[in-house]
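Each remark here refers to the structure printed beneath this line.
These values consider heavy atoms only, across backbone and side chains, with no hydrogens, waters or symmetry-generated copies. Each residue takes its place number in the sequence, starting with 1.
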Amino acid sequence: MMTLGFVSAILAEQSLDDVLAFAADEGFDCVELMCWPAGKAERKFAGVTHVDVTKFTRAQADAIRGLCDSYGIGISGLGYYPNPLDPDPQVAQVAVGHIKKVIKAASLLGLAQVNTFVGRDWTKSVDDNWPRFLKTWRPLIAYAEDHGVRIGIENCPMFFTQVEWPGGKNLFTSPAIWRRAFSDIPSDSFGLNYDPSHFILQQMDPLLPLNEFESKLFHLHAKDVKIRRDRLNDVGIFANPLEWHQPRIPGYGDLDWAKFMAALMETSYRGPVCIEVEDDTFGRTLEDREWALRAARNILMPFF
């Protein structure tokens, strides 16, 4: 049975206790908990630490499990979304090292799921990134296997503004790339944290990958996007995407959620579907962001 949850990044200023209490009060089943290193965020929606894995112990894991049990809320997975292929070796090394800490923490928590990006040197082509991708991710996936943890890679292009031009900061954007990656790193611990909104952004059909990659669907993000045709007609598709698209919550963008959920139900996937809020139209205060989560829940709840 699929479960409905949300990504904790949108409640950045709340404690883990507060996040779980909100989830319980609002009828959610689970939460994807963010595990960024404590400190300044490197970008919007990053830098959120609801589980500090830096020196994570079994006692901390027991305490978190007890807190979740007290609220009746599950953890869909641990999330950390850096760029492990950053052209700056020091930045990449920090990302890889922290991913390992997240994997170890998930194992201590008795969780099977960690979600992240594979990263990319955005100044290079896919082919030019590939050798470094394999060198970085083969040992990371082996490490996850050793800890009984699966890695779900989100399919976000991470190309929104001039800062990510021209290639974006995450390789895992399309079925053609997924096939190549899963062929080169064949592992039951290597799969997808699938977000259909990123296919809408790329002018692709978000339903088409579901059947082919059903065995690789480890986790799902529920986010929507609005393609602003007026802006697209003005600046063109080669302009930076933030100039012509707008992140929305489910039901407020261009994705047909009834069709998507129907197609998803035809697959074997029965895992978590976690609402990800990056929609500023509801406002930016904590109250506004909580309202956005409730509105998205009301759209999706009938499917559960």
Is it true that, when you exclude [X] itself, more than 12 heavy atoms of the residues, nucleotides or ligands shown sit nearer than 6.0 Å to its [atom1]?
X	atom1	result
E287	CD	no
Q90	CD	no
D188	CG	no
W291	CH2	no
M301	CE	yes

Quiz item: Does a donor on one side chain and an acceptor on the other come within less than 3.5 Å for N83 and W122?
Solution: no
Quiz prompt | Distance-only donor-acceptor check, side chains D52 and T54, under 3.5 Å | solution = yes
Exercise. Walk me through it: do F303 and L4 pass the test side chain to side chain contact (heavy atoms under 4.5 Å, CB included)?
Key: CA-CA 9 Å; F303 300 116; L4 181 61; over 6 Å; no
So do the side chains of [X] and [Y] get within less than 4.5 Å of each other, counting heavy atoms only?
X	Y	value
F56	I64	yes
S215	S268	no
Y71	V19	no
V102	V51	no
V7	N115	no
T173	F159	no
L255	P250	no
R294	R289	no

Donor-acceptor pair, side chain of [X] and main chain of [Y], under 3.5 angstrom:
X	Y	answer
H50	L11	yes
N170	V118	yes
N240	E243	no
R231	L242	no
W244	A239	yes
N129	D121	yes
R132	L85	yes
D224	D254	yes
E266	A263	no
R297	E26	yes

Do you know the tightest heavy-atom contact between [X] and [Y]?
X	Y	result
R138	D184	NH2-O, 3.2 Å
V225	L201	CG1-N, 4.2 Å
P84	A95	CA-CB, 3.9 Å
V149	A106	CG2-CB, 4.1 Å
P82	T116	CD-OG1, 3.4 Å
I151	A144	CG1-CB, 3.8 Å

How long is the straight-line distance from [atom2] of [Y] back to [atom1] of [X], given to the nearest 0.5 Å?
X	Y	atom1	atom2	answer
E278	C156	CD	SG	7.5 Å
K169	M158	NZ	CE	7.0 Å
L108	T57	CG	OG1	8.0 Å
T49	M34	OG1	CE	10.0 Å

Is there a path of hydrophobic side-chain contacts, each under 4.5 Å between heavy atoms, that joins [X] and [Y]?
X	Y	result
L207	V273	yes
I153	L171	yes
W165	F238	no
L220	L208	no
L140	F218	no

Quiz item: Going through the distances and angles, do H98 and W36 end up as a side chain to side chain contact (heavy atoms under 4.5 Å, CB included)?
Solution: CA-CA 8 Å; H98 197 73; W36 288 81; 5.6 Å; no
Practice problem: Step by step, work out the salt bridge (Lys or Arg N to Asp or Glu O under 4.0 Å) result for K226 and D279. | Solution: CA-CA 10 Å; K226 182 71 176 177; D279 188 345; over 6 Å; no
Exercise. Report the C-alpha separation of F22 and E290 in whole Å, then their side-chain angles, then the decisive distance to 0.1 Å, and conclude whether the side chain to side chain contact (heavy atoms under 4.5 Å, CB included) test is met.
Key: CA-CA 9 Å; F22 175 83; E290 289 178 339; 3.7 Å; yes
Quiz item: Do the ring centers of F282 and Y252 come within less than 6.0 Å of each other?
Solution: yes
Exercise. Go through E212 and R179 one step at a time and tell me if the side chain to side chain contact (heavy atoms under 4.5 Å, CB included) criterion holds.
Key: CA-CA 10 Å; E212 179 181 352; R179 289 186 203 102; 2.6 Å; yes
Quiz item: Does R180 come within less than 4.0 Å of D127, counting only side-chain N to carboxylate O?
Solution: yes
Exercise. Fit a plane to each ring of H147 and Y143, take the angle between them on a 0 to 90° scale, and name the class: parallel (under 30°), tilted (30 to 60°) or perpendicular (over 60°).
Key: tilted
Quiz item: Would you call the rings of H219 and H221 parallel, tilted or perpendicular, where under 30° means parallel and over 60° means perpendicular?
Solution: perpendicular
Quiz item: Please walk me through it: do D195 and S197 pass side chain to side chain donor-acceptor pair (under 3.5 Å)?
Solution: CA-CA 6 Å; D195 184 332; S197 73; 2.7 Å; yes
Exercise. Kindly indicate, with the supporting measurements, whether the criterion side chain to side chain donor-acceptor pair (under 3.5 Å) is fulfilled by S174 and Q202.
Key: CA-CA 9 Å; S174 69; Q202 296 179 86; over 6 Å; no
Quiz item: Testing Y194, F190, Y81, F213 for ring pair (Phe, Tyr, Trp, His ring centres under 6.0 Å) with F172, which one passes?
Solution: F190
Exercise. Start with the C-alpha distance between N155 and W178, add both sets of side-chain angles, then the distance that settles side chain to side chain donor-acceptor pair (under 3.5 Å), and finish with yes or no.
Key: CA-CA 9 Å; N155 55 303; W178 305 344; over 6 Å; no
